[in-house]
**Student:** 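Okay, handing you the structure first.
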Amino acid sequence: TEGDARYVKGKIVGGTQYAFIANGNAGLSVVNISNGANPLIVSNFPTNGFAKEVFIDTINGSYYTFISDETKGLFVLNVTNPASLVLDTNISYPGVRSVNRKGKYIFTALTNGTVKVIDISQLPNSVNEVNSYNAVNTVERIEQSGNVLFFVENTTGIEIVNASDPLNLTQYSTIKPPGNCYDIKIANDLIYVADGNVGVSVINASNPVQPYFISSLNTETNVKGIDYSPNFLFIAEGNIGVQVLNVFNPVYPDYVG
């Protein structure tokens, strides 16, 4: 991609499968991956900063991406035509780490530790900041399940927040996994943690006020990324590559390959 690819989201737009890549100092890159053997870059959008993460969703009948730029803030692009990206909004926050959505609101984690709540229901006409929440530490990743937000904070671990009223976010609890919490995925009240040198940790969050640690699987590597598909975990292990774990027993992941 001739950039520094940090994050990718797949989305089918107009019947074609695309990968939307947060491409570091190259901004956003959009790749047609309908032919997996011959991926093709169809467009780029320079943010003139450092794109760390990308979130994509359908709003009012159009596709939008939300680019988290570590220095230039939040970019909102209309990508209904992936070959012709249209900038809708750039909010010049001091830097953005992560974005996630619940209904008509997006939650935007800033580098200064603040999480902004933005009403996107009026896109493409306007986006409006409607609330602000001070996290315990800088939020590196936001995950969402139902009315609960999960903030990944390297120092704190995981901060669990009640989002039943996005205009009044309140903390449920925090929990520190045994390692360095880099990334998480939520599945059926369980938190799967990319837990650094500890490997993969599992936390029960069925009661968000009192989450508790269940288990860890030592992969003997430094796990910094994780994704979930029913029955499997996919973990990113740096120079080692990618490892697949099964979660047929959901609280005790096991090796597949």
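On a predicted model such as this, the values are computed, not experimentally measured, just so you know.
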**Student:** Determine whether a donor-acceptor pair (N or O, by modelled atom type, separation under 3.5 Å) exists between the side chain of S201 and the backbone of S216.
**Tutor:** no
**Student:** In this structure, is the centre-to-centre distance between the rings of Y172 and F150 below 6.0 Å?
**Tutor:** no
**Student:** T65 versus L28: any side-chain heavy-atom pair under 4.5 Å?
**Tutor:** yes
**Student:** Would you compute the distance between atom CG of N131 and atom CG of D119 and round it to the nearest 0.5 angstrom?
**Tutor:** 11.5 Å
**Student:** Would you check if V86 and L77 make a side-chain contact, meaning some heavy-atom pair closer than 4.5 Å?
**Tutor:** no
**Student:** Please assess V193 against I203 for the test side chain to side chain contact (heavy atoms under 4.5 Å, CB included), listing each intermediate value before the final yes or no.
**Tutor:** CA-CA 8 Å; V193 183; I203 292 169; 4.1 Å; yes
**Student:** Is it true that the NZ or CZ of K185 lies under 6.0 Å from the centre of Y228's six-membered ring and within 45 degrees of the ring axis?
**Tutor:** no
**Student:** Would you confirm whether Q144, through its side chain, and G146, through its main-chain N or O, come within 3.5 Å as a donor-acceptor pair?
**Tutor:** yes
**Student:** Look only at the side chain of N162 and the backbone of T170, and say whether a donor-acceptor pair between them is shorter than 3.5 Å.
**Tutor:** no
**Student:** According to a 4.5 Å side-chain heavy-atom criterion applied to Ile, Leu, Val, Met, Phe, Trp and Tyr, with indirect links allowed, do V8 and I33 form part of one hydrophobic cluster?
**Tutor:** yes
**Student:** If you look at every heavy atom in A51 and G27, which pair is closest and at what distance?
**Tutor:** CB-O, 3.4 Å
**Student:** Would the number of heavy atoms belonging to other residues, nucleotides or ligands and lying under 6.0 Å from CG of N249 be above 12?
**Tutor:** yes
**Student:** For residues I160 and F151, determine if any side-chain heavy atom of one lies less than 4.5 Å from a side-chain heavy atom of the other.
**Tutor:** no
**Student:** Is a donor on one side and an acceptor on the other found under 3.5 Å between the side chain of E140 and the backbone of D183?
**Tutor:** no
**Student:** Would you give the length of the straight line joining atom CD1 of I120 to atom CZ of F66, rounded to the nearest 0.5 angstrom?
**Tutor:** 4.0 Å
**Student:** Decide, yes or no, whether a salt bridge links R97 with E53 under the criterion of side-chain N to carboxylate O below 4.0 Å.
**Tutor:** no
**Student:** Measuring from atom CG of N23 to atom CZ of F45, what distance do you get when rounded to the nearest 0.5 angstrom?
**Tutor:** 13.5 Å
**Student:** Test side chain to side chain contact (heavy atoms under 4.5 Å, CB included) on K52 and V96; report intermediate values, then the result.
**Tutor:** CA-CA 8 Å; K52 182 179 187 289; V96 177; over 6 Å; no
**Student:** Hey, could you give me the OG/CG distance between S164 and L149, rounded to the nearest 0.5 Å?
**Tutor:** 10.0 Å
**Student:** Search all heavy atoms of V242 against all heavy atoms of E237 and return the closest pair with its distance.
**Tutor:** C-OE2, 4.3 Å
**Student:** Please give me the minimum heavy-atom distance between N218 and Y255, naming the atom from each residue.
**Tutor:** O-OH, 2.9 Å
**Student:** Indicate whether the side chain of S34 and that of Q17 have a donor and an acceptor atom separated by less than 3.5 Å.
**Tutor:** no
**Student:** Is the shortest side-chain heavy-atom distance between N128 and I118 below 4.5 Å?
**Tutor:** no
**Student:** Please say yes or no: joined through hydrophobic side-chain contacts below 4.5 Å, possibly via intermediate residues, are Y7 and L74 part of one cluster?
**Tutor:** no
**Student:** Are there over 12 heavy-atom neighbours, none belonging to E129, within less than 6.0 Å of that residue's CD?
**Tutor:** yes
**Student:** Any chain of hydrophobic side-chain contacts (each under 4.5 Å) joining Y192 to V152?
**Tutor:** no
**Student:** Any side-chain heavy-atom pair from P94 and L110 closer than 4.5 angstrom?
**Tutor:** yes
**Student:** Are I175 and V209 co-members of a hydrophobic cluster defined by side-chain heavy atoms under 4.5 Å apart?
**Tutor:** yes
**Student:** Going hydrophobic residue to hydrophobic residue with side-chain gaps under 4.5 angstrom, can you get from L87 over to I56?
**Tutor:** yes
**Student:** Is any side-chain heavy atom of I191 less than 4.5 Å from a side-chain heavy atom of V202?
**Tutor:** no
**Student:** Contact between R101 and I59 at the side-chain level, heavy atoms closer than 4.5 Å - yes or no?
**Tutor:** yes
**Student:** Could you walk me through whether I91 and V76 pass side chain to side chain contact (heavy atoms under 4.5 Å, CB included), step by step?
**Tutor:** CA-CA 9 Å; I91 305 178; V76 183; 5.9 Å; no
**Student:** Please determine, by modelled atom types, if T71 and D69 share a side-chain donor-acceptor pair under 3.5 angstrom.
**Tutor:** yes
**Student:** Under 3.5 Å, side chain of D195 to main-chain N/O of G179, donor-acceptor pair present?
**Tutor:** yes
**Student:** Do you see a donor-acceptor pair shorter than 3.5 Å between the side chains of T155 and N137?
**Tutor:** no
**Student:** Distance from K11 atom NZ to Y63 atom OH, nearest 0.5 Å?
**Tutor:** 6.5 Å
**Student:** Tell me the closest heavy-atom pair linking P82 and S43, and the distance in Å.
**Tutor:** O-OG, 2.5 Å
**Student:** Looking only at heavy atoms, what is the nearest atom pair of I158 and P177, with distance?
**Tutor:** CD1-CG, 4.2 Å
**Student:** Measure from the side-chain N and O atoms of S29 to the backbone N and O of I21, and report whether any donor-acceptor pair falls under 3.5 Å.
**Tutor:** no
**Student:** Mind checking the OG1-NZ spacing from T156 to K176? Nearest 0.5 Å is all I need.
**Tutor:** 9.0 Å
**Student:** Can you check whether I142's main-chain N or O pairs, donor with acceptor, with S98's side chain at less than 3.5 Å?
**Tutor:** yes
**Student:** Is a side-chain donor or acceptor of K72 paired with a backbone partner of F75 at a separation under 3.5 angstrom?
**Tutor:** no
**Student:** Using a distance-only test with no angle check, is there a side-chain donor-acceptor pair under 3.5 angstrom linking N147 and K102?
**Tutor:** yes
**Student:** Quick check against the 3.5 Å criterion: does R141 have a side-chain atom that pairs as donor or acceptor with the backbone of E143?
**Tutor:** no
**Student:** Tell me the closest heavy-atom pair linking P39 and V31, and the distance in Å.
**Tutor:** CB-CG1, 3.7 Å
**Student:** Would L245 and V200 count as a side chain to side chain contact (heavy atoms under 4.5 Å, CB included) here? Give the steps.
**Tutor:** CA-CA 10 Å; L245 308 177; V200 174; 3.9 Å; yes
**Student:** Do L85 and V30 touch side chain to side chain, with heavy atoms closer than 4.5 Å?
**Tutor:** yes
**Student:** Donor-acceptor check, side chain of S206 to backbone of D189, threshold 3.5 angstrom: yes or no?
**Tutor:** no
